[in-house]
There are 4 protein chains.
Amino acid sequence: MLHMETDLILEATELWRQRPGDPGELPGVATREYLREGFPVTEVRVLNQTGAEAVGKPVGTYLTVETDRVGRAGDYPKRAAEAVAGELRGLLPKDGDGSALVVGLGNRAITPDAVGPWAVDHTVVTRHLVDRLPETFGDFRPVAAVATGVLGATGVESGELVKALCQRLRPTVVVAIDALAARSARRLCSTIQLADTGIVPGSGVGNARYALTREELGVPVLAVGVPTVVRAATLAADLGADEDQRETLGSLLVTPKDIDALAAELAQIIGYGVTMALQEGITPEDVEYLLR
Amino acid sequence: MLHMETDLILEATELWRQRPGDPGELPGVATREYLREGFPVTEVRVLNQTGAEAVGKPVGTYLTVETDRVGRAGDYPKRAAEAVAGELRGLLPKDGDGSALVVGLGNRAITPDAVGPWAVDHTVVTRHLVDRLPETFGDFRPVAAVATGVLGATGVESGELVKALCQRLRPTVVVAIDALAARSARRLCSTIQLADTGIVPGSGVGNARYALTREELGVPVLAVGVPTVVRAATLAADLGADEDQRETLGSLLVTPKDIDALAAELAQIIGYGVTMALQEGITPEDVEYLLR
Amino acid sequence: MLHMETDLILEATELWRQRPGDPGELPGVATREYLREGFPVTEVRVLNQTGAEAVGKPVGTYLTVETDRVGRAGDYPKRAAEAVAGELRGLLPKDGDGSALVVGLGNRAITPDAVGPWAVDHTVVTRHLVDRLPETFGDFRPVAAVATGVLGATGVESGELVKALCQRLRPTVVVAIDALAARSARRLCSTIQLADTGIVPGSGVGNARYALTREELGVPVLAVGVPTVVRAATLAADLGADEDQRETLGSLLVTPKDIDALAAELAQIIGYGVTMALQEGITPEDVEYLLR
Amino acid sequence: MLHMETDLILEATELWRQRPGDPGELPGVATREYLREGFPVTEVRVLNQTGAEAVGKPVGTYLTVETDRVGRAGDYPKRAAEAVAGELRGLLPKDGDGSALVVGLGNRAITPDAVGPWAVDHTVVTRHLVDRLPETFGDFRPVAAVATGVLGATGVESGELVKALCQRLRPTVVVAIDALAARSARRLCSTIQLADTGIVPGSGVGNARYALTREELGVPVLAVGVPTVVRAATLAADLGADEDQRETLGSLLVTPKDIDALAAELAQIIGYGVTMALQEGITPEDVEYLLR
């Protein structure tokens, strides 16, 4: 199903609208647009099972921040982090300032898959400080953060590791950061998608046992994702390639030429944004200082 | 107590022998020496509490492989890995081929502390393959491996993470790899110490809750360590420095100039050695192939 | 001209043969095929200006070693290095054992462009040893090696830097290693192309002043290249995309998913192969030892 | 000669003053102290050959900026870069805005030796832009920058490479950045030394052919250095160790535990500082933007 070949809610809704015939209004889905720190934001709420089937995504709220770098001023990364923080804060459980577990999914050794682990490197962890240095960190939310590594290098599913940690750390929310696949080159490395639906690592596989979802982990799971690749076979399909042509493209990926620099910048934006969402009232400069 | 300023059993026994007066025979400790793959090995068994107090180390068996690189031939790394494998195999639980969890302790971002995580990169993991590809991996021991990261970067104690994983994965043995501190520059990066006593990360702190020991984790814990640093204050004390002089040396470390290359080589030797100890009958070439 | 959108001589000759109508025999070009260390090798000689125009490549000898990893045995990297060495040796100037300058072109910070600099890391340099340690290195060819970096990071064209070094070091041959662009995904990371024609970095630009050629540098220049990318616009053009569609693909690249690991392996094969071609009678194990 | 075992002018003058007997006034040397951006600066001018012999350093001006991180505020790196820029500007040739060549000396693969190459990564290069984008960069000084690599990895002395580049690029000034050795742990990673005397890489060797000096290169050479190590043998000598004890310490180095992070921060401070010294009127934020 081509419908499934995007991790982006905006592309999923576009696909629905491009269906042959008169698609009419997208059922079970509510959309609105606004600006945050000058960046366009689209909120898509998948309201019920009808909507979920139409767009091929679970029920929940999806926020897409468009952080296109073109024309960006010198303070772009900080403003983008502020926008991520502002949007993410809206998805956090309302019952306050409980502890959080931040999870970086993906493979450090494959650049377009490294955004998750790299973002963890830019996240301020405080769980070990809140008790020990209460005069300084007493007002901070306890935050732990791990990059789970990949199955081939650890022998442990990301979902298993996170479940084991949740059972021990008992966080009140999990924030999972991952690289995503898009259908169209246009959005690569230029949007950040937030959702309150959790995440299924390596989702094609559909291995629900290891999903990072509220059902599986017992706490709300927020997902933060960035599209860094288009599968070459998807691109080819869009250009009308037949099955044979698509097959020869196997596991090839389409990425921007400067993916190493773009992924590093996005990881920093997300790490800062997640930190500012979790810790009320701190600035990008504070994050910079705390990470030094 | 100067006695405690070494992680090496061989230095601890030397310190006892250098005590003023006639120290006599070291009580409660049995020592023997032999060669393995041409490398000198010293087995020190701390037999009882008397011995443990004399050397300041827990009861257990300690094997020190001297892998000094001087005069080494071209196949040195492979032979050293064979020696590590041979010695480590002797410490494994006898009841066979149950699953293992390999743990790399330490900080990737501090070179002399990175041997543990780097060794994990050279360890073959099979836990996820034994069930899925039984025709190829059915005879392999299921091995999982993680680098735990450091408290300041994760907010989670290494010992907590390993305990959480043990509760989930139920391994029959844990192998924990760590960089060690020596008292004398002579042994830096030229010996590998194996022990069946477990390990207490950042041991000075003495935070027993987070020890990687049989008592804490419920399974035997083998420790693999390499001395990569002498604390500058220890070196100064040995040279007769007074307390003021030692204090100015604070957290300075003494390392070989080529520590980056030495630590990388040792990490490979240990990763290969651990893999060959856990998987009966495979060669360094097999490990190279499986890691590719 | 689509004809120009490949750096591979084999693809250039295929393009000629696929022209509409009966193309007949490719004029001014001689081709033969054989095996080296079990790998298929194709020698293409562009004999004259007619041939050069037909294939869009300069007159010279091009050797393509197909090192496809499928079904490769454990000693694949060493055998591939032997094959590169054997073929490259045939392109070296016959007048003997003069000094060589090895040049790694490309950008370390962009994985698919990093093969050149990484290969330099696996090349044994001897220029500084031949005089100082004549008893050990007296029979070695003096070899220097540099990674030139990229214009945006140095402000110096690769060709300028190499020219400055040639004027000072006076090598008898330059070996330039670079990542290449292919038209078809099939050859990515699975062939190595050697040529005696020199190389024009960032060749699209056609900035002949900075070419690494015999004309410019005054010594023979051998080129060693590996295709690591297909430009997304080229792929799209092959699939019949119109100009608008191609334009949206801008500077996107198509690479294998595991490009980081593949590029690292190819860099090692090339570094070893170049070293063995330049230093008569040394083995992969010798190279490993000398690089340690 | 112990006198020689420091690269720091401040330590050299201290050594002179600590000589037994009444040393009196240091002859041929003028010193003054002041603040720059809140950091203490010491200017030492070695006025003549008498002064040069007394301190064991060439005639010239040495500026030491003390950037101790203790008590530093959040904007410490930027202020330190401003201080470096301000002091370095005073050492630049007065005849204006000619082109500059920035050189990073040292070994990327040995952390305490990597400050030079890493600083080059934080230096804005403009040589290739001044002509091509005159509307934007027409007022910029043309700056090129290279990390020379190390002899064992290139076969080319740093001094040879710089000389070859100077002959081609004809800069009006060379700025050479290097890691230094101190005698005392106190100054490690907490001072930056600027001088107009040039630099002799691996200076112990005294290989004057390859010096980076005005005599050798034909243009003024400014040196920027940071002490990152104390040789363990130097430390031991200071503590009264005999020759045997010092010998066992061989090539061991004493470094701060967090040398990786400190060296990275200093490299950024220096790269920014050099850029701001060379390009009148640009801010740290501009540098950040231009490097992105």
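Numbered from 1 within each chain, the chains take letters A, B, ... in sequence-line order.
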Write out, in numerical order, the residues from residues 145-156 of chain A with a heavy atom short of 4.5 Å from a heavy atom in chain C. none
Where do A/Ile110 and C/Asp260 come nearest, in terms of heavy atoms and distance? CA-OD1, 3.6 Å
Which atom of C/Ala185 lies closest to which atom of A/Thr248, heavy atoms considered: CB-O, 4.5 Å
Kindly determine whether C/Gln245 and A/Leu239 satisfy side-chain contact (heavy atoms from CB on, under 4.5 Å), including the steps that lead there. CA-CA 9 Å; C/Gln245 291 174 308; A/Leu239 292 167; 3.5 Å; yes
Interatomic spacing from NZ in A/Lys257 to CG in C/Asn107 - rounded to 0.5 Å: 8.0 Å
Taking A/Leu252 as the fixed residue, which of C/Val229, C/Leu188, C/Ile259 is the one that meets the side chain to side chain contact (heavy atoms under 4.5 Å, CB included) rule? C/Leu188
So for A/Leu235, is it side chain, backbone, both, or neither that comes closer than 4.5 Å to the heavy atoms of chain C? side chain
Region of A/Ala236 in contact with chain C, defined by heavy-atom distances below 4.5 Å: both
